[in-house]
Amino acid sequence: MAEARDRFLRDPDDDRAVDRSAGSGLSITEALVAESLDAALGKRGLRRLRHEPGLALVVEIPAASWSAPTEAVLVRLCPAADVVVVLGRRTSGSEFSENKASEALGAGKTVIAVTTSPVTLLPASYLGSTDLRITLSPPSVQALRRIVAATCTGSARSLRPVDLVGLGLHDLAFAIRPGSARAVVDRLRRASKEKSTALLAHADAPPIEDLAGYGAAMDWGLEVVEDMSRWRRGETVKLSSCLLAGPPGVGKTHFASSLAKSAGLNLISTSVGRWFATTQGHLGDVVRAAVSDFAKAADAAPCLFHIDEVDALPARATLSNNGRDWWTSVVTTVLLEVDKLRTSGKPIVLLGTTNYADNVDEALRRPGRFDRTITIDIPEGTELERVFHSVLDGELVGVSLTPIIRRVRRATGAQVRAWVDAARRIATSEHRSIRTEDLIRTVLPIDDRPPDQMMTIAVHEAGHAVAALALGSPVTEVSIICDGTAGGSTAVRADGLQTKGRFEDQITIMMGGRAADELVGKGASAGAVSDLASATAVATSMRASFGFHGRLLHLGPEAAETRLAMDRAFSDEIEADLQAGLARAKTIVETHRDVVERVAEALVSHKILEADDLRRIWMARRRGTVRSRKSRRCDDGRSFERG
């Protein structure tokens with residue numbers, strides 16, 4: 001080392017911090033750091049460091065793994081200087097001491113503070129008085145070629161920037177060994193390829209392309225995948241960040257794992273809660289834990305840095321006076337670390353997740369930190385069906401899950417996964433593949449009704465369905481699943497212009513359940529009271545409101561009900577309409593008794609029948625049909641449901 005210093009004194013224009021020639025005693029890692037120091041200091045900085053006594057210097061390193069070789073190189077460069085390494089935890093024996101630093105500077109010694117985060121880990125008093133402040137970056141391709149040339153035989157001129165994508169300090173050091181320079185280049189290329197496609201902590205996650213129910217979050221995720229593909233091709237890419245919000249269970253963490261897998265990123269996950277759980281909760285400990293996790297992310301690039309529970313950092317505008325000072329320090333630290341990460345130029349995708357986006361500090365949500373905030377809603381309808389098929393992962397392909405979706409209505413991805421897992425256990429216990437019935441058993445409440453009651457309900461619903469089919473009214477679904485208010489239901493779409501004949505058909509369909517009870521089942525029961533109420537309402541409206549029976553005077557619903565209760569003659573007319581509807585329904589049920597029975601049996605077996613199921617049974621009937629009443633078609637999408 002003395003020879004190197006003597007050489008510099010003889011030649012003040014020497015722009016190398018330390019001797020990197022063979023036999024200098026410098027390790028490959030230290031040689032790499034020395035090249036980075038050269039680039040960061042420049043000739044002027046080197047001169048000042050060598051000749052000016054009592055300098056205060058800050059060296060910001062890319063990651064904690066740089067600390068030991070940086071300290072070693074600085075000690076060799078300036079043996080008389082005090083080199084202090086300050087990371088997110090105690091390192092190199094002590095943290096930065098303002099007293100010791102001021103004493104050393106006062107005695108004419110140079111003080112060099114090495115840290116991953118100067119603003120959060122060094123005192124403001126020291127930062128404000130520094131003479132030199134440099135940031136180390138990974139060595140350039142030209143620097144690597146020089147080190148390879150000094151270490152190996154042959155030339156490394158074929159080395160290109162794209163060959164170093166994703167490689168950290170130790171990745172470079174592992175590849176550079178004595179021997180052929182070509183072998184070193186090959187190792188660097190293999191390491192880059194391996195690092196850029198590394199999949200940590202998300203091997204079992206499905207690729208993001210296979211997910212469903214994420215809406216705008218999916219669009220952003222696919223943008224990230226494309227951006228990372230461009231980055232691996234050596235293109236300049238500005239990676240975006242995102243704050244993902246949504247209620248518990250919608251799959252925010254699941255999304256992070258899948259995104260990391262598809263983008264070929266290392267996954268570094270942390271949470272605000274973890275910063276407290278891994279410390280004693282003191283302010284300094286929490287800050288150091290946060291800084292340490294950000295440093296891990298920087299060291300793991302290319303990576304997806306996932307911060308969960310972001311809303312656990314309170315918005316400063318809502319803080320009380322009691323906790324303001326304490327929390328302001330933590331929030332400010334996180335803001336600074338996010339800024340540092342986003343401006344580092346490293347391939348790091350920042351993803352925050354929260355249940356309550358409105359509770360996150362506004363400064364953290366602004367572009368440049370979290371570029372956008374996307375809310376994931378609880379899936380429903382066709383999107384929920386896509387979630388089911390995504391979780392089923394190739395099972396029940398081509399099978400419509402609409403009956404289940406209609407009953408569930410909306411559910412989180414976590415709930416869907418729980419249902420599918422339970423359905424798979426049922427199928428496995430019976431040594432077969434999964435069926436729709438397995439999902440129904442897990443999704444819907446346990447039905448402990450006795451078999452004879454189930455058949456009674458099935459006959460009733462079959463009466464509604466067959467009456468509708470015979471009259472040409474589309475039935476979308478029939479079910480005997482108990483939803484807490486009814487033992488079953490029949491959904492009929494009211495297509496076409498609502499004429500007097502259509503309303504009469506509705507009354508007939510509503511009375512179809514009672515007709516089936518009397519002719520096929522065990523007789524009428526009080527369970528069909530909702531049918532009678534609905535049919536009475538339709539018949540009353542026809543006479544009191546719609547002018548279908550000679551009178552054009554319109555009465556509103558309340559006035560019509562009052563007339564029904566007070567006018568005996570009017571109520572007799574309604575009763576006659578209902579009896580006519582029941583008689584017509586009985587004719588249909590008697591004509592198609594075999595269809596009613598088959599629909600009832602299918603309902604007992606499958607619990608739910610869709611339009612296609614009913615159509616197959618209807619088309620296979622052995623007897624003639626009741627001719628449906630012709631009607632004009634219109635774009636009226638109204639429907640009614642029979643209980």
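Counting heavy atoms from C-beta on, the side chains of His254 and Tyr214 come closer than 4.5 Å. Between Val420 and Arg417 there is no side-chain heavy-atom pair separated by less than 4.5 Å. For the pair Leu127 and Arg133, the minimum side-chain heavy-atom distance is below 4.5 Å. Between Leu37 and Ile134, the closest side-chain pair of non-hydrogen atoms falls below 4.5 Å. Residues Val330 and Leu283 meet the side-chain proximity criterion, which asks for heavy atoms closer than 4.5 Å. Side-chain contact between Thr115 and Val84: absent, with no pair of heavy atoms (C-beta onward) separated by less than 4.5 Å. Put simply, the side chain of Asp308 does not reach to within 4.5 Å of the side chain of Ser269, judged on heavy atoms. Using a 4.5 Å heavy-atom threshold, the side chains of Asp131 and Leu57 count as separate.
Remark: side-chain polar atoms of Glu30 are not paired, donor with acceptor, to backbone N or O of Pro69 under 3.5 angstrom. Judged by distance alone, the side chain of Ser262 and the main-chain N or O of Leu259 form no donor-acceptor pair under 3.5 Å. Listed for the Asn355 side chain is no donor-acceptor partner under 3.5 Å among the backbone atoms of Pro247. A donor-acceptor pair under 3.5 Å is absent between the side-chain atoms of Ser258 and the main chain of Ala205, judged by distance alone. In this structure, the side chain of Arg424 engages the main chain of Leu392 through a donor-acceptor pair within 3.5 Å. Between the side chain of Asp293 and the backbone N or O of Thr270 there is no donor-acceptor pair closer than 3.5 Å. Although no hydrogens or angles enter the test, the distance criterion places no donor-acceptor pair under 3.5 Å between the side chain of Glu337 and the main chain of Phe294. With Thr135 contributing its side chain and Glu60 its backbone, the two residues share no donor-acceptor pair below 3.5 Å. Looking only at distances, no side-chain donor or acceptor of Thr333 sits under 3.5 Å from a matching main-chain atom of Val287. Judged by distance alone, the side chain of Lys252 and the main-chain N or O of Gly246 form a donor-acceptor pair under 3.5 Å.
Taking CG from Asp371 and CZ from Arg342, the interatomic distance works out to 4.0 Å, rounded to the nearest 0.5 Å. Thr354 contributes atom OG1, which lies 10.0 Å from atom CG of Leu244 (distance to the nearest 0.5 angstrom). How far OG1 of Thr70 is from CG of Leu32: 10.5 Å, rounded to the nearest 0.5 Å. Expressed to the nearest 0.5 Å, how far CD1 of Ile376 lies from OG1 of Thr353 amounts to 9.0 Å. Atom-to-atom distance recorded for Ser241:OG and Ile348:CD1 is 12.0 Å, nearest 0.5 angstrom. Put simply, CE on Met228 and CG on Leu265 are 4.5 Å apart, with the number rounded to the nearest 0.5 Å.
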### Message
With side chain to side chain donor-acceptor pair (under 3.5 Å) as the criterion, how do Asp210 and Ser390 come out once you've worked through the C-alpha distance, each side chain's angles and the decisive distance to 0.1 Å?
### Response
CA-CA 6 Å; Asp210 291 347; Ser390 173; over 6 Å; no
### Message
For Ser117 and Leu336: C-alpha separation, side-chain torsions, deciding distance, then whether side-chain contact (heavy atoms from CB on, under 4.5 Å) applies.
### Response
CA-CA 9 Å; Ser117 181; Leu336 292 171; 6.0 Å; no
#### Entry: Verdict with supporting geometry, Ser240 and Glu223, side chain to side chain donor-acceptor pair (under 3.5 Å)
CA-CA 9 Å; Ser240 63; Glu223 288 177 12; 5.0 Å; no
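Partners of Pro62 by side chain to side chain contact (heavy atoms under 4.5 Å, CB included), not counting sequence neighbours, listed by chain and number: Trp66, Leu136, Lys346. Judged as a ring-ring contact (aromatic ring centres under 6.0 Å, His included), and not counting sequence neighbours, Phe388 has no contacts. In this structure, Phe370 has no ring-ring contact (aromatic ring centres under 6.0 Å, His included) partners at least two apart in sequence or on a different chain. Trp327 is linked by a ring-ring contact (aromatic ring centres under 6.0 Å, His included) to Phe276, counting only residues two or more places apart in sequence or in another chain. By the side chain to side chain donor-acceptor pair (under 3.5 Å) test, Arg324 pairs with no residue at all, sequence neighbours left out.
Just one of Lys238, Arg233, Arg232 meets the salt bridge (Lys or Arg N to Asp or Glu O under 4.0 Å) condition when paired with Glu235; it is Arg233. Each of Val416, Leu384, Thr412 was evaluated against Pro379; a single residue qualifies, Leu384, per the side chain to side chain contact (heavy atoms under 4.5 Å, CB included) test. Residue Asp361 is tested with Arg366, Arg316, Arg369 for a salt bridge (Lys or Arg N to Asp or Glu O under 4.0 Å); the sole match is Arg316.
Here the closest non-hydrogen pair linking Phe305 and Leu341 is CD2-CD2, 3.7 Å. In plain terms, the two heavy atoms of Leu132 and Arg48 that are nearest each other are CD2-NH1, 3.8 Å. Between Val148 and Ala181 the shortest heavy-atom distance is CG1-CB, 3.7 Å. The shortest non-hydrogen separation linking Leu188 to Ala175 is CD2-CB, 3.4 Å. Pairing each heavy atom of Thr110 with each of Pro53, the nearest pair is OG1-C, 4.4 Å. In terms of heavy-atom proximity, Asp171 sits nearest to Gly168 at OD2-N, 2.8 Å.
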Between side-chain atoms of residues 137-145 and protein atoms elsewhere (two or more places apart, or another chain), which donor-acceptor pairs fall under 3.5 Å?
{"unit_1": "Ser140", "atom_1": "OG", "unit_2": "Gln142", "atom_2": "OE1", "d": "3.4"}
{"unit_1": "Ser140", "atom_1": "OG", "unit_2": "Ala143", "atom_2": "N", "d": "3.2"}
{"unit_1": "Arg145", "atom_1": "NH2", "unit_2": "Arg157", "atom_2": "O", "d": "3.4"}
{"unit_1": "Arg145", "atom_1": "NH2", "unit_2": "Leu159", "atom_2": "O", "d": "2.7"}

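For Glu103 and Lys100, the salt-bridge test fails: no basic side-chain N is under 4.0 Å from an acidic carboxylate O. By the 4.0 Å N-to-carboxylate-O rule, Asp163 lies too far from Arg160 to be salt-bridged with it.
Atom OH of Tyr126 sits in a crowded spot, with more than 12 heavy atoms from other residues, nucleotides or ligands closer than 6.0 Å.
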